[in-house]
Number of protein chains: 2
Amino acid sequence: MERQTTEIRQEQIKKAVLDIIFTDGLDQLSTRNLARRVGITEGAIFRHFKSKRDIMLGIMQDVKTGLIGELRQIALGADGSEKRLSDFLCRHVKYLIENKGITILLFSEAAHMNDKELKENLHEILSEQKSLISKIIRDGMTEGLWNKKLAVDDIATIYMGIPITLNIELILNEDRFDMHGFCKRMFFLMQRMMSK
Amino acid sequence: MERQTTEIRQEQIKKAVLDIIFTDGLDQLSTRNLARRVGITEGAIFRHFKSKRDIMLGIMQDVKTGLIGELRQIALGADGSEKRLSDFLCRHVKYLIENKGITILLFSEAAHMNDKELKENLHEILSEQKSLISKIIRDGMTEGLWNKKLAVDDIATIYMGIPITLNIELILNEDRFDMHGFCKRMFFLMQRMMSK
DNA sequence: TCTATATATAATCACTCACTTACATCTTGT
DNA sequence: ACAAGATGTAAGTGAGTGATTATATATAGA
């Protein structure tokens, strides 16, 4: 195997984690299979990450700087709240489709939940999402777009179900799932829900 | 240990599975821990179930005859669709709170997904839920309660996110989560979403 | 060119897993 | 009372796990 820098290998390994999870399932995610997928041996994995756990933490970090970073930019941006909500949702959906293994990875950690740090990371990711979407909703209410009397937190809760349900549909229905215009359709319903 | 019938042990074992998942996490769900929780030895587990997989199938069967059976009764009942939707949602939420490990168990199987039968069971459970809720929505539209022009499937998708989000909040926020009147509040928003 | 360092390999570690076996003991029907 | 079947235990099995090691080799700087 040709030699690569640690940076490149780390990226390859993290990508392989998501690949394996989505195509073969979570229980195929051993360091052995991971090494085979990347095309190196098992020992080499531990040259680039000090443990399997560290790989997971690295991926979560990517979500924080990648997805959450972009969502934050949208949520805190200068556009009107209607456009921000739409952009937010569509960006969110796009990310999940492009990184199909992510949701499974995150929730499997929640499910196993013996690891404080991993659990906290997940909690941080989700509550950040929820607080960003709450901000957009509140802004929209202030702008007079949406009904001020509604419980922002409840609406945010409903929002949170959308990307999760999308991922479940992706896993279970494979290709049958109609994702064309999915975010627009969901946006439309969210808007009705909040209308005056 | 006092001797018990296979029927009683099977119930104890299935209950212990959900207990362990919710309190200790999925990776503590070994046959060793299962036996310890029930108060018998590991070998005894295999006297009452022929495999660990069979225990999971048994639990899924319970969901089908228990939860799904009740939801079906509500959905196909004689009440108006408004009441049926409310009852459906509240019954759904109540079941998840009383069987906190269920969702994790189901989705962990989806995530591992190497087992055709388990995966199909999950698919059946979820699509049955979705088709029942779709029926209620369609009925409500026919009754003139809700807007006929909306996409029933999209609304059902949003609905499906609610119980899942509830479970995630339960796991991550432990007791902080305000589940008082949760189903009523969600019902209220669903209704707004579908209003004319 | 030579040497120090980074990267890759293969064998192996201690451990846990689901499951099995051999055998003991309780319960029940006659 | 006693045989038969149901339920229990203790001690294993092989396979797979994450992680470590000694060793080999490629690369880059002097």
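Chain A is the first sequence line, chain B the second, and so forth, proteins listed ahead of strands; every chain is numbered from 1.
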Is the phosphate of [N] approached by [X] (side-chain N or O, under 4.0 Å from OP1 or OP2)?
| X | N | result |
| --- | --- | --- |
| A/R9 | C/dA8 | yes |
| B/T6 | D/dT7 | yes |
| A/H48 | C/dA6 | no |

I'd like to know if A/E42 reaches the base of D/dA19 with its side chain, counting only an N/O donor and acceptor under 3.5 Å.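 Such a pair is found, so the answer is yes.
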Is [X] touching bases, backbone alone, or none of the nucleic acid, heavy atoms closer than 4.0 Å?
| X | answer |
| --- | --- |
| B/T41 | base |
| B/T31 | base |
| A/L29 | sugar-phosphate |

Of the listed nucleotides (C/dT7, D/dG18, D/dG8), which one gets closest to any side-chain atom of A/S30?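 So the side chain of A/S30 is nearest to D/dG18.
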Of the options C/dT20, D/dT20, C/dA22, whose atoms approach the side-chain atoms of B/F46 most closely?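 Closest of the options to the side chain of B/F46: C/dT20.
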Exactly one of A/K64, A/K130, A/K119 should register a salt bridge (Lys or Arg N to Asp or Glu O under 4.0 Å) with A/E124. Which one does?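 So the option named by the test is A/K64.
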Using side-chain contact (heavy atoms from CB on, under 4.5 Å) as the criterion, point out the one residue from A/M193, A/M190, A/K196, A/Q191 that pairs with A/W146.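 Testing A/W146 for a side-chain contact (heavy atoms from CB on, under 4.5 Å) against A/M193, A/M190, A/K196, A/Q191 leaves exactly one candidate, A/Q191.
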Taking atom CD of B/E143 as the centre, report whether more than 12 heavy atoms of other residues, nucleotides or ligands fall under 6.0 Å from it.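 Yes, CD of B/E143 has more than 12 neighbouring heavy atoms, counting only those of other groups under 6.0 Å.
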Whole-Å gap separating [atom2] ([N]) and [atom1] ([X]):
| X | N | atom1 | atom2 | result |
| --- | --- | --- | --- | --- |
| A/N33 | D/dG16 | CG | P | 11 Å |
| A/I40 | D/dT25 | CD1 | P | 19 Å |
| B/R47 | C/dA22 | CZ | C1' | 11 Å |
| A/I45 | C/dA10 | CD1 | C1' | 15 Å |

Does the side chain of A/S86 pick up a donor-acceptor pair with the side chain of A/R91 at under 3.5 Å?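 Looking only at side-chain atoms, A/R91 and A/S86 do not form any donor-acceptor pair under 3.5 Å.
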Lys/Arg N to Asp/Glu carboxylate O, A/E117 vs A/R53, below 4.0 Å: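 Looking at A/E117 and A/R53, the cut-off is met.
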Residue closer to the 5' end of DNA chain C, A/R32 versus A/A44 (nearest nucleotide):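 The residue closer to the strand's 5' end, by nearest nucleotide, is A/A44.
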